[in-house]
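So that the names make sense, note that chain A is the first sequence line, chain B the second, and so on, each numbered from 1. Model, not experiment: these values are computed from the prediction.
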Amino acid sequence: MTKTTTPTITMITDFGCRDPFVGIVKGVILAVNPAVRIIDLTHEIERHNVEEALYTLSYSYRYFPEGTIHLVVVDPGVGTGRRPLLVEWGNSFFLAPDNGVLSFLFADAGKCTVREITADKYMRKPVSRTFHGRDIFAPVAAWLSRGVSPKKMGPEISDYKQLNIPHLLITEERLRGEVIHVDHFGNLITNIQRKHLEAFEDQDFVVEVGGKHFHGFYQSYAENGSDAPGMIINSFDLLEIFCFMGSAQEKTGIRRGDRVHLYYE
Amino acid sequence: MTKTTTPTITMITDFGCRDPFVGIVKGVILAVNPAVRIIDLTHEIERHNVEEALYTLSYSYRYFPEGTIHLVVVDPGVGTGRRPLLVEWGNSFFLAPDNGVLSFLFADAGKCTVREITADKYMRKPVSRTFHGRDIFAPVAAWLSRGVSPKKMGPEISDYKQLNIPHLLITEERLRGEVIHVDHFGNLITNIQRKHLEAFEDQDFVVEVGGKHFHGFYQSYAENGSDAPGMIINSFDLLEIFCFMGSAQEKTGIRRGDRVHLYYE
Amino acid sequence: MTKTTTPTITMITDFGCRDPFVGIVKGVILAVNPAVRIIDLTHEIERHNVEEALYTLSYSYRYFPEGTIHLVVVDPGVGTGRRPLLVEWGNSFFLAPDNGVLSFLFADAGKCTVREITADKYMRKPVSRTFHGRDIFAPVAAWLSRGVSPKKMGPEISDYKQLNIPHLLITEERLRGEVIHVDHFGNLITNIQRKHLEAFEDQDFVVEVGGKHFHGFYQSYAENGSDAPGMIINSFDLLEIFCFMGSAQEKTGIRRGDRVHLYYE
């Protein structure tokens with residue numbers, strides 16, 4: 001591990017912010033390493049929604065310094081046989097239950113070392129069967145942040161769980177994707193990337209979702225002066241449907257998981 | 001005070017997160033001690049609900065490092081004669097209004113020193129009559145975190161307010177407790193502890209709340225494959241009624257404060 | 001810049017806490033300056049509500065240590081010609097889009113240096129047209145916190161945008177103000193200050209909002225034992241209408257923006 005002077009741990013959970021669960025996890029971390037910095041990515045993942053946690057992490061981790069430790073606790077299978085994982089990927093670390101939430105990392109297998117966390121000595125005792133965030137993931141993250149080698153946390157494994165991440169269907173004439181997230185502003189974010197659109201660049205194309213058709217393409221939100229939804233390549237290089245000063249979700253009724261069809265006009 | 005290199009202050013309030021009140025309290029703390037670490041336990045205590053704050057703190061404080069300072073500002077009596085308190089308990093410090101929110105500490109009186117905060121010089125001036133979190137508790141916590149002795153904050157008192165914490169009624173044949181919290185997942189948490197159940201261990205028993213009966217006992221949430229609510233000893237060693245992948249609260253309609261009856265079948 | 005040992009950056013946004021946008025901004029900051037401290041003022045500004053952000057910041061910034069950097073990202077015009085600003089005011093720094101959100105600082109022009117941020121080298125590349133919080137404001141704030149001079153961020157400008165902040169109408173007989181905020185407790189906060197009321201001190205006066213009249217003046221919330229709303233000078237020296245243990249907003253139906261009339265009885 002490249003030791004940083006002020007290591008960072010990020011957290012993604014479905015714990016909400018009303019109960020003290022998030023604070024308790026932080027207390028356990030600080031009791032092991034009072035010098036670590038803890039950043040909340042979100043605690044408002046829909047209860048038990050592993051896919052939403054996957055999406056959230058996959059677009060966030062790259063903005064953090066090298067050596068950052070990402071903690072993901074969306075864990076309906078807590079206390080069963082499902083294993084706690086530690087993944088090294090480049091210079092970052094990821095801790096999560098083996099429920100597929102880290103699948104986006106596994107695609108690039110050469111870069112990725114996956115371990116099952118088995119080292120009792122770095123866990124909080126007794127380990128409960130309902131709160132591994134507190135008893136396993138928090139203390140292991142804290143010990144990692146103090147420089148303990150990942151190798152000491154458990155053996156490498158290769159039979160970890162993979163989720164089917166929604167893929168694109170691409171032909172010469174059309175492209176089919178999916179709405180993968182609806183954000184706080186009501187923007188409809190798809191899994192169609194800038195690079196996919198480049199093939200269509202010189203032609204007119206239309207986007208259709210749930211029977212509604214979208215034409216206008218904009219460079220900024222404010223450029224769309226109308227009330228009608230427009231399209232934009234967002235700051236994560238993804239095709240997004242938006243309303244300026246309004247919610248595209250409310251305007252269109254489109255939801256996460258809806259199919260997105262793109263074709264020549 | 002045992003000085004830690006990076007002291008921690010936790011916060012429990014009913015301020016919510018929309019207004020800047022929490023941030024202002026943190027600003028006042030940092031202006032006195034820029035090196036302190038501040039952890040949010042929750043700011044979503046129901047408005048003026050002293051009992052909920054008591055519950056939240058009583059299950060959280062033990063996970064924090066020695067020397068941690070816990071700040072509780074649920075304070076409907078702000079600006080009246082109610083006194084601001086500083087409690088030393090073991091190696092931890094607790095700051096709160098004298099409204100009973102720290103009652104769970106007073107039970108173990110030998111371990112506990114209770115002071116009224118009177119030392120003007122550690123308060124922010126002028127002291128308002130509507131925001132003691134900012135003007136009294138925040139700066140006093142910050143000065144404590146810099147190593148100022150609790151003795152300098154005010155005299156010991158013994159006539160502090162005590163709340164009636166819901167107690168168990170225990171006989172040889174039955175046990176009566178209460179639902180003390182409904183968490184974000186809809187789990188119904190009772191004040192019946194693991195140790196109370198051990199007396200019933202070898203016998204079949206049934207739990208009844210609000211006319212509904214519960215039988216099944218599980219070791220993990222996922223072990224309950226059915227739609228029906230089950231029981232578990234949770235990670236705080238408390239009896240809890242839960243639904244796997246669902247909300248026991250929604251399923252049963254049971255609420256905080258409802259009586260829990262446990263008896264032989 | 002006066003270098004502090006642990007510089008602080010505060011954040012006000014309308015991003016909400018469900019998406020990882022706030023965490024991503026923090027990741028970008030920490031990648032530049034891992035030693036900085038980041039405090040959330042709020043992320044629950046109503047979407048695109050520049051006035052609410054202005055109010056929130058104007059009552060918060062003064063509680064932070066000298067050298068604090070305040071980041072305000074409520075930015076419906078992101079990606080258009082609207083400029084990113086860096087304002088030095090006393091020993092504090094403010095970063096925000098040029099949409100008037102910092103207008104309360106401009107009133108005291110002698111104390112205030114306003115710059116357009118133009119220095120590419122301190123921005124994250126490529127600069128998107130939908131997320132300047134991440135690509136411009138975050139890295140510039142982080143570099144400032146490392147001691148880079150504001151002068152290096154861009155040239156001084158004087159044609160920045162000013163919002164009309166609601167002003168008082170004051171005559172010898174009456175005073176007209178406005179409800180500028182409804183807080184989490186349902187308190188109705190006006191822009192009438194303590195000093196304005198001093199002129200009326202020796203006389204009886206009445207306050208009227210939306211056809212409702214208010215008489216009682218209290219020193220603390222609890223002093224008002226009745227169910228009826230009362231008035232108080234709050235901890236920010238502003239006239240506030242409140243209900244003890246209840247919500248004045250729910251009780252009266254009064255909203256932000258409603259006119260407040262004060263006159264002799």
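- Heavy atoms of C:R37 lying under 4.5 Å from chain A belong exclusively to its backbone.
- Ranked by heavy-atom pairs shorter than 4.5 Å toward chain A, the options C:V22, C:D135, C:V36, C:V25 are led by C:V36.
- Heavy atoms closer than 4.5 Å to chain C are found in the side chain of A:E52, but not in its backbone.
- By the ring-ring contact (aromatic ring centres under 6.0 Å, His included) test, C:H48 is found to be paired with A:F185, residues two or more places apart in sequence or in another chain being considered.
- With a threshold of 4.5 angstrom between heavy atoms, A:L41 approaches chain C through its backbone and through its side chain.
- Only one option out of C:I29, C:V28, C:L30 pairs with A:Y63 in a side-chain contact (heavy atoms from CB on, under 4.5 Å); it is C:V28.
- Only the side chain of C:S128 comes within contact range of chain A, judged by heavy atoms closer than 4.5 Å.
- Residues C:R47 and A:G186 share a closest heavy-atom pair of NH1-N, 3.9 Å.
- Separating the OG1 atom in A:T10 from the NZ atom in C:K26 is a distance of 11.5 Å, to the nearest 0.5 Å.
- Under a cut-off of 6.0 angstrom, the local environment of CD in C:E88 is crowded, with over 12 non-hydrogen atoms contributed by other residues, nucleotides or ligands.
- For the pair C:G27 and A:P65, the tightest heavy-atom approach, listed with the atom from each and the gap, is O-CD, 4.1 Å.
- For A:T42 (side chain) and C:R18 (main-chain N/O), a donor-acceptor pair under 3.5 Å exists by modelled atom type.
- By the 4.5 Å heavy-atom criterion applied to side chains, C:F21 and A:D183 are counted as neighbours.
- Residues of residues 228-238 of chain A that come closer than 4.5 Å to chain C, counting heavy atoms only, are A:I232, A:N234, A:S235, A:F236, ordered by residue number.
- Nearest approach of C:C17 to A:E44, heavy atoms of both residues: CB-OE2, 3.6 Å.
- C:P76 and A:M245 get closest at one heavy-atom pair: CB-SD, 3.3 Å.
- Open room surrounds CZ on A:R255; 12 or fewer heavy atoms of other groups in view lie less than 6.0 Å from it.
- Remark: A:K195 NZ is loosely packed, at most 12 non-hydrogen atoms of other residues, nucleotides or ligands lying under 6.0 Å away.
- The 12-atom threshold is exceeded at CZ of A:R256, counting heavy atoms of other residues, nucleotides or ligands nearer than 6.0 Å.
- Within a 6.0 Å radius of CG in C:N164, other residues, nucleotides and ligands contribute 12 heavy atoms or fewer.
- A donor-acceptor pair under 3.5 Å is absent between the side-chain atoms of A:S60 and the main chain of C:I24, judged by distance alone.
- Using a 4.5 Å cut-off between heavy atoms, A:Y61 does not touch chain C at all.
- For a residue to count as touching a neighbouring chain, one of its non-hydrogen atoms must lie under 4.5 Å from one of that chain's; by this rule C:D14 touches chain A with backbone and side chain alike.
- Atom CG in A:N187 sits 9.0 Å away from atom CG in C:D19 (nearest 0.5 Å).
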